[in-house]
Protein chains: 2
Amino acid sequence: MKKSAVRERILEVASRLFYEQGYNLTGINQIIEEADIARASLYNHFDSKTDLLLAYLKEAEDIWFLEMENYTARSSDPKEKLLALFDFRMERQNKRGFGGCQFIKISAEVSRQDTQVFDAVSHQKNRLKVFITDIVKDLPDNNRLLTHGLLADALFLLLEGAAISGSIYKNQESMTKAKEIADKLI
Amino acid sequence: MKKSAVRERILEVASRLFYEQGYNLTGINQIIEEADIARASLYNHFDSKTDLLLAYLKEAEDIWFLEMENYTARSSDPKEKLLALFDFRMERQNKRGFGGCQFIKISAEVSRQDTQVFDAVSHQKNRLKVFITDIVKDLPDNNRLLTHGLLADALFLLLEGAAISGSIYKNQESMTKAKEIADKLI
DNA sequence: GTCTATAACCAGATAGAC
DNA sequence: GTCTATCTGGTTATAGAC
């Protein structure tokens with residue numbers, strides 16, 4: 001294999017295991033074994049397990065928005081675009097076995113004082129909020145129950161709530177309901 | 001101290017640490033130290049750390065509903081009662097330093113195959129859903145945007161989403177917004 | 001029932017050969 | 001840069017004295 005591919009392979013394996021098993025339940029040993037590399041090679045590319053976690057979060061955010069923006073780009077109508085956001089997460093959760101949001105999951109696993117991790121997670125959530133808000137602005141001014149500001153908040157909270165709820169019940173019912181509600185609100 | 005108080009003290013300390021630090025980051029050592037008991041005493045009252053976790057979840061659910069029902073009992077009007085649910089969680093999150101929902105947090109820390117834990121968590125969530133649904137039924141039949149069924153789902157998802165979001169941002173803004181939205185929907 | 005001591009194991013991280 | 005061997009300190013759980 002290529003030398004530079006090692007780092008990618010570590011991240012690939014770590015990403016999978018951190019999501020499937022959890023960060024704390026995934027040991028360095030398992031990562032080096034499944035990535036088929038030597039112990040010290042990992043520490044050559046990452047300073048520590050925490051450093052690997054932060055790299056994972058950063059890469060995960062990039063991939064998440066790439067896929068999300070690609071998915072919702074199919075629709076040009078603002079309302080359709082917003083509803084596609086629910087479909088995106090539904091499809092994603094289906095594919096990934098209803099493990100919930102990977103960013104939220106990590107935030108529940110680290111110490112509350114771990115500002116680096118919480119900064120990374122809130123960065124992703126902020127970016128999603130901005131994405132939603134920008135589309136809501138393009139909506140025609142019908143007489144809605146909620147103002148544009150509150151509507152954007154509602155959509156965000158419904159998405160997050162449904163992602164969590166789906167991960168508990170291990171099915172897509174929550175996200176389906178959330179989309180139904182969103183459809184009425186928009 | 002009383003003999004029978006030992007079990008209570010273990011649960012008390014474990015509850016605090018599981019929430020503050022996380023389940024996986026809390027070792028048996030720290031629990032026995034802070035509860036000021038012997039190692040084997042813990043294993044006399046609980047078969048394993050997992051057993052202690054399940055006892056924690058059970059007790060936590062009982063306490064949660066006791067406090068919640070007590071809090072919302074102040075209001076007799078159905079709409080006020082539903083909105084009080086948001087106040088309850090806001091107050092609770094304020095007191096507990098925005099660590100998020102304790103049940104969700106645990107579900108993010110254990111293996112996805114740990115059915116005992118996921119059953120305990122979904123039990124608590126189902127009970128909350130039933131509580132909400134029962135009150136929604138008592139609402140007068142105004143011409144609302146959402147049917148009673150969808151309204152109950154919306155309130156549940158808003159609560160869960162706001163709890164999560166608040167735990168990321170470490171403030172009560174999410175729950176305040178959620179209550180504002182709920183106020184319009186009901 | 002509570003205690004101390006210890007077993008058996010696994011974690012993250014590093015040293016030094018190549 | 002990658003390897004193997006090792007260090008140190010952590011974990012859960014148990015044995016046996018009192």
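So that the names make sense, note that chain A is the first sequence line, chain B the second, and so on, each numbered from 1. Because only heavy atoms are used, hydrogens play no part in the values below, and waters and symmetry mates are left out as well, while side chains stay in.
- The nearest whole Å value for the distance from the CZ atom in B:Phe46 to the P atom in C:dG1 is 13 Å.
- In this structure, A:Tyr43 atom OH and D:dC7 atom P are separated by 17 Å, rounded to whole Å.
- In the set C:dC3, D:dT2, C:dG1, C:dG1 carries the atom at the smallest distance from any side-chain atom of B:Asn44.
- Between A:Ile32 atom CD1 and C:dC10 atom P the separation is 14 Å, expressed in whole Å.
- Of all non-hydrogen atoms in B:Tyr19 and B:Gly100, the two that sit nearest each other are OH-O, 2.6 Å.
- Contact annotation for A:Thr26: backbone-only contact, meaning every heavy-atom pair under 4.0 Å involves sugar-phosphate atoms and none involves a base.
- Rounded to whole Å, the distance from CG on A:Asn24 to P on D:dT11 is 12 Å.
- When distances run from any side-chain atom of A:Ile28 to the nucleotides C:dG12, D:dT2, C:dC3, the shortest one goes to C:dG12.
- Residues B:Asp183 and B:Lys79 are paired through a salt bridge, judged by an N-O separation under 4.0 Å between the basic side chain and the carboxylate.
- No hydrogens or angles considered: nothing links the side chains of B:Tyr43 and B:Asp51 as a donor-acceptor pair under 3.5 Å.
- Closest approach to the B:Val6 side chain among C:dT2, C:dC3, D:dT2 is made by C:dT2 (side chain taken as heavy atoms from C-beta onward).
- One side chain, A:Asn94 or A:Gln172, offers a donor N or O that lies under 3.5 Å from an acceptor on the other.
- Of the residues near DNA chain C, A:Ala40 and A:Gln30, the one whose nearest nucleotide (by heavy atom distance) lies more toward the 5' end is A:Gln30.
- Between A:Glu160 and A:Arg89 there is a salt bridge, since at least one side-chain N of the basic residue sits less than 4.0 Å from a carboxylate O of the acidic one.
- Regarding B:His45, its NE2 atom lies at a distance of 7 Å from the P atom of C:dG1, rounded to whole Å.
- For the pair B:Leu42 CG and C:dT2 C1', the computed distance is 12 Å after rounding to whole Å.
- Within the structure, every side-chain polar atom (N or O) of A:Ser48 is placed at least 4.0 Å from both OP1 and OP2 of C:dG12.
- Rounded to an integer number of Å, the gap from NZ of B:Lys49 to P of D:dG10 is 15 Å.
- The separation between A:Asn29 atom CG and D:dT6 atom P is 16 Å, rounded to whole Å.
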